[in-house]
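Inspection log for the structure reproduced underneath, given as structure tokens.
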Amino acid sequence: MTRTGHCKKKHARGVTLVELCTVMAVLVIVSGMVLPGMWRWLDSIRIGVLVRAFQSDLQLTRMEAIRRGERVVLCAAESSDACSSRPGWHQGWLMFVDLNNNAEIEPDEPVLRYHGPVSPEWRVQGNRPVARYVSYGRLGMTKMVSGAFQAGSVYFCRQGGGASAPLPRRVVINSAGRPRSEILEGHEACA
């Protein structure tokens, strides 16, 4: 009570419906601008991890061939114990010691490593020389089953591509068998 005997009213503190709608509209606009960029950033990280896993397994295949003094193959694999007859690294890949130099795994050939299929949102495709396998000899050089040197590129792209997709990548395997990765500037490689 005040000196005059009247009760002083306390003002209610709260949020009006207009204020709440204004804040919600601002949040919707800001999230609409931020989320697409965030998804592209996350996809860029995912494709980078996939490329590094493949490149690392290529390097390991090369090192194993040198260390063992035998031919070691990394092939597109349909399972943990069978190379695929179809091209496409998206199926997964398998590293094995190729005792008979045919780039096909046999029951007596040891499996050294297996990477399962990649997520269906990614396309991983090699050009003709490396579409199904990469074969390293005891000196660490790549050779096809025919004896010809083997060099090529494996492309990593988001299915559907488009401007919102991360930039495609590729792993280039040179004639000495050394892999390197690079980011491609356009989506033409994935068309």
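Only heavy atoms go into these numbers, but all of them, side chains included; no hydrogens, no water, no symmetry mates.
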Problem - ring-ring contact (aromatic ring centres under 6.0 Å, His included) involving Y133 - partner list, sequence neighbours excluded - result: none
Problem - Pair F156 and W122, ring centroids less than 6.0 Å apart - result: no
Exercise for the section: Flag yes if Y114 and V118 sit in one hydrophobic cluster, no otherwise; membership is Ile, Leu, Val, Met, Phe, Trp, Tyr, and two members link when side-chain heavy atoms are under 4.5 Å apart. Expected result: no
Problem - Partner residues of T22 under the side chain to side chain contact (heavy atoms under 4.5 Å, CB included) criterion, sequence neighbours left out - result: V18
Practice task
May I ask you to decide whether R169 forms a salt bridge with E182, counting only side-chain N to carboxylate O separations under 4.0 Å?
Solution key: no
Exercise for the section: For E64, check salt bridge (Lys or Arg N to Asp or Glu O under 4.0 Å) against everything at least two apart and list the hits. Expected result: R67, R68
Exercise for the section: Is it possible for you to say whether L74 and V97 belong to one hydrophobic cluster, with membership spreading through side-chain heavy-atom contacts below 4.5 Å? Expected result: yes
Exercise for the section: Take L184 and R170 through the side-chain contact (heavy atoms from CB on, under 4.5 Å) test and state the conclusion after the steps. Expected result: CA-CA 7 Å; L184 302 174; R170 81 173 164 187; 3.8 Å; yes
Problem - Backbone N/O of S153 and side chain of N127: donor-acceptor pair under 3.5 Å - result: yes
Exercise for the section: Could you list the residues that satisfy side chain to side chain donor-acceptor pair (under 3.5 Å) with S84, not counting sequence neighbours? Expected result: Q91
Fill in the blank from the handout: Distance col, row S181:OG vs L50:CG, nearest 0.5 angstrom, shows 11.5 Å
Handout entry: Hydrophobic cluster membership, M63 vs M95, 4.5 Å side-chain cutoff
Key = yes
Completion exercise
So salt bridge (charged side-chain N to carboxylate O under 4.0 Å, His left out) across residues 103-115, not counting sequence neighbours, yields D57-R113, E104-R132
Exercise for the section: Output the distance between atom CZ (R86) and atom CD (E78), rounded to the nearest 0.5 Å. Expected result: 6.5 Å
Handout entry: From CA spacing to verdict: side-chain contact (heavy atoms from CB on, under 4.5 Å), F54, V154
Key = CA-CA 9 Å; F54 185 77; V154 178; 3.8 Å; yes
Problem - Taking every non-hydrogen atom, the tightest pair across P179 and Q59 - result: CG-CG, 3.6 Å
Problem - W89 (side chain) donor-acceptor with V130 (main chain) under 3.5 angstrom - result: yes
Handout entry: Selection residues 146-156 - residue pairs positive for salt bridge (charged side-chain N to carboxylate O under 4.0 Å, His left out), sequence neighbours left out
Key = none
Exercise for the section: Please check if I173 and V51 belong to a single hydrophobic cluster, counting links between Ile, Leu, Val, Met, Phe, Trp and Tyr side chain heavy atoms closer than 4.5 Å. Expected result: yes
Exercise for the section: Mind listing the closest non-hydrogen atom pair of Q55 and R180 along with its distance? Expected result: NE2-CA, 3.5 Å
Practice task
Mind checking the CD1-CG spacing from I105 to D98? Nearest 0.5 Å is all I need.
Solution key: 9.0 Å
Handout entry: Pair L58-V171, side-chain contact (heavy atoms from CB on, under 4.5 Å): steps then yes or no
Key = CA-CA 10 Å; L58 278 171; V171 172; 3.8 Å; yes
Pair up each side-chain donor or acceptor in residues 134-142 with any protein partner under 3.5 Å, not counting sequence neighbours, and list the distances.
| residue | atom | partner | partner atom | Å |
| --- | --- | --- | --- | --- |
| S135 | OG | R71 | NH1 | 2.8 |
| Y136 | OH | G177 | O | 2.8 |
| T142 | OG1 | Q150 | O | 2.3 |

Exercise for the section: Return the set of residues passing side chain to side chain donor-acceptor pair (under 3.5 Å) with S79 (not counting sequence neighbours), or none when no residue passes. Expected result: D81
Handout entry: Hphob cluster co-occupancy, V72 + L60, side-chain heavy atoms under 4.5 angstrom
Key = yes
Handout entry: H115: partners by ring-ring contact (aromatic ring centres under 6.0 Å, His included), with sequence neighbours left out
Key = W93
Problem - All side chain to side chain donor-acceptor pair (under 3.5 Å) counterparts of R62, not counting sequence neighbours - result: none
Problem - Side-chain touch C83/F96, heavy atoms, less than 4.5 angstrom - result: yes
Handout entry: Non-hydrogen atoms of P129 and A151 that approach each other most closely
Key = CB-O, 3.2 Å
Handout entry: Test salt bridge (Lys or Arg N to Asp or Glu O under 4.0 Å) applied to D43 - qualifying residues, sequence neighbours left out
Key = R46, R158
Practice task
Quick one: list whatever passes side chain to side chain donor-acceptor pair (under 3.5 Å) with S80, sequence neighbours left out.
Solution key: none
